[in-house]
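The chain is numbered in sequence order, starting from 1.
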Amino acid sequence: MSPDVMPEAQIALTVTEPGNKTDRAHSRARAARRRKIAVMAARVLLLVAVLGLWEALSRTKVIDAFNFSMPSKIWDQIYTWVMHGTAQGPLGEQIWYTLYEALLGWILGVIAGVVFGITLGRITFLADVLGPYIKVLNSIPRIVLAPVFMIWFGLGPASKVASAVVLVFFPVFFNAFQGAREVDRNLVSNARILGASDRRVTLQVVIPSATSWIFTSLHVSFGFALIGAIVGEYIGATKGVGMLISQSQGTFNTAGVYAAMVILAVVALAAEGLLTFAERRIFRWKPTGSDS
């Protein structure tokens, strides 16, 4: 056989194998799209079913509409706030006030948690000295600190920011601390062999390795920041979504309480979506699925 002549089976394999890979990729993409559509449809149907059942039970007086309200009244309350504002001013201003407090507290809490977590994760002596104190502080129910911050900082945003900071700090700290402790020792040893200083090891090896641990805590911690801001506003404030909840409760406006909760849920979901998008952009190198 001439070396220039390729066997038929080999020709067929050469021609069809790329096509088979392409077909498999297209099949997986179609399956992923179908599954995503099915999941979204199931979520919408579940939400519609729950809201419909709630509305029906309230209208037929199976449950007390005064205590549990109903979706239609909650929607009417949100519409009224959007179109006519609240007693404290426009609804957008109340949302921004709460979001500002939560964001500032979240940023400060994340920075403090990461710095302390990485530092104590790298310096064992310091971790041994401060460890018992951190455990004691973590055991304190941090929500009860909100009245203390109110006394210290007054009714302004500072007391709400402080509440958000203490709620955010500990989950971020423990994840950053564990991430620093879980760094591959071979990477650290190789960096030191190449002449890296402690500072360069921390910045170029430890922190990048702990990033996935830190991002895991960010998803939970923003919800904690919102809780800190809302609790502070509920105890005492001049504006904010927590203030709306407090006033609605004081006037027995159940629909107003639920409406404020719906607004907070939308804000939290939007923040979660932004964090997920940022995480995917940063960790694009991570495999998302099997290629087989």
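Around CH2 of Trp54, the count of heavy atoms belonging to other residues, nucleotides or ligands within 6.0 Å exceeds 12. In Phe170, the CZ atom is crowded: over 12 heavy atoms of neighbouring residues, nucleotides or ligands sit closer than 6.0 Å.
You'll find the side chain of Val267 stays beyond 4.5 Å of the side chain of Val241, heavy atoms only. When side chains are defined from C-beta on, Trp106 does not count as touching Val165, because their heavy atoms never get closer than 4.5 Å. For the pair Gln88 and Met243, the minimum side-chain heavy-atom distance is below 4.5 Å. Side-chain contact between Ile227 and Ile143: present, with at least one pair of heavy atoms (C-beta onward) separated by less than 4.5 Å. Side-chain contact check for Phe116 versus Phe177: every heavy-atom pair is 4.5 Å or farther apart. The closest side-chain heavy-atom distance from Phe149 to Val161 is not below 4.5 Å. Between Leu145 and Ser163, every side-chain heavy-atom pair lies at or beyond the 4.5 Å cut-off. Thr254 places none of its side-chain heavy atoms less than 4.5 Å from the side chain of Asn67.
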Is there a side-chain contact (heavy atoms from CB on, under 4.5 Å) between Gln94 and Glu233 once you walk through the steps? CA-CA 11 Å; Gln94 312 310 311; Glu233 291 173 352; over 6 Å; no
Working note: Leu91 + Ile263, criterion side-chain contact (heavy atoms from CB on, under 4.5 Å); need CA distance, chi angles, decisive distance, verdict. CA-CA 10 Å; Leu91 178 61; Ile263 292 170; 3.8 Å; yes
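Annotation for Gly242 and Thr98: closest pair N-OG1, 4.3 Å, computed over non-hydrogen atoms. Contact record, Ser58 with Ser69: OG-O, 2.9 Å, taken as the closest heavy-atom pair. Residues Ser159 and Phe153 share a closest heavy-atom pair of N-CB, 3.8 Å. A pairwise comparison of heavy atoms in Val110 and Leu218 identifies CG2-CD2, 3.6 Å as the closest pair. Taking every heavy atom of both residues into account, Arg142 and Leu167 meet most closely at CB-CD2, 3.9 Å. Smallest separation of non-hydrogen atoms from Pro171 and Ser217: O-CB, 3.7 Å.
Rounded to the nearest 0.5 angstrom, Leu274 CG and Phe222 CZ are separated by 9.0 Å. To the nearest 0.5 Å, the span separating CD on Gln249 from CD on Gln247 amounts to 11.5 Å. Here the CZ atom belonging to Phe66 is positioned 7.5 Å from the CG atom belonging to Asp64, to the nearest 0.5 angstrom. Here OH of Tyr234 is found 8.5 Å from CD1 of Ile245. Values are rounded to the nearest 0.5 Å. Ile78 CD1 to Lys73 NZ: the interatomic distance, rounded to the nearest 0.5 Å, is 15.0 Å.
Under the 4.5 Å side-chain contact rule for hydrophobic residues, Leu47 and Ile74 share a cluster. Criterion: ILVMFWY side-chain heavy atoms under 4.5 Å apart, direct or through other members. Under it, Ile95 and Val82 are part of a common hydrophobic cluster. The hydrophobic clustering, which links ILVMFWY residues whose side-chain heavy atoms are closer than 4.5 Å, places Val168 and Leu120 apart. Connection of Leu269 to Val220 is not established within any shared hydrophobic cluster, with ILVMFWY side chains joined at heavy-atom distances below 4.5 Å, either directly or through further cluster members. Put simply, Leu137 and Ile134 are part of the same group of oily side chains (I, L, V, M, F, W, Y) that touch within less than 4.5 Å, one to the next.
A donor-acceptor contact closer than 3.5 angstrom links the side chains of Ser72 and Glu55. Side chains of Asn253 and Gln77: a donor-acceptor N/O pair is present below 3.5 angstrom, by distance only.
Phe173 and Phe169 have parallel rings, their planes meeting at less than 30° on a 0 to 90° scale where 60° marks the start of perpendicular.
Salt-bridge annotation for Lys239 and Glu93: present, with a side-chain N of the basic residue lying under 4.0 Å from a carboxylate O of the acidic one.
Using a distance-only test at 3.5 Å, with no hydrogens or angles considered, a donor-acceptor pair links the side chain of Lys160 to the main chain of Gly156.
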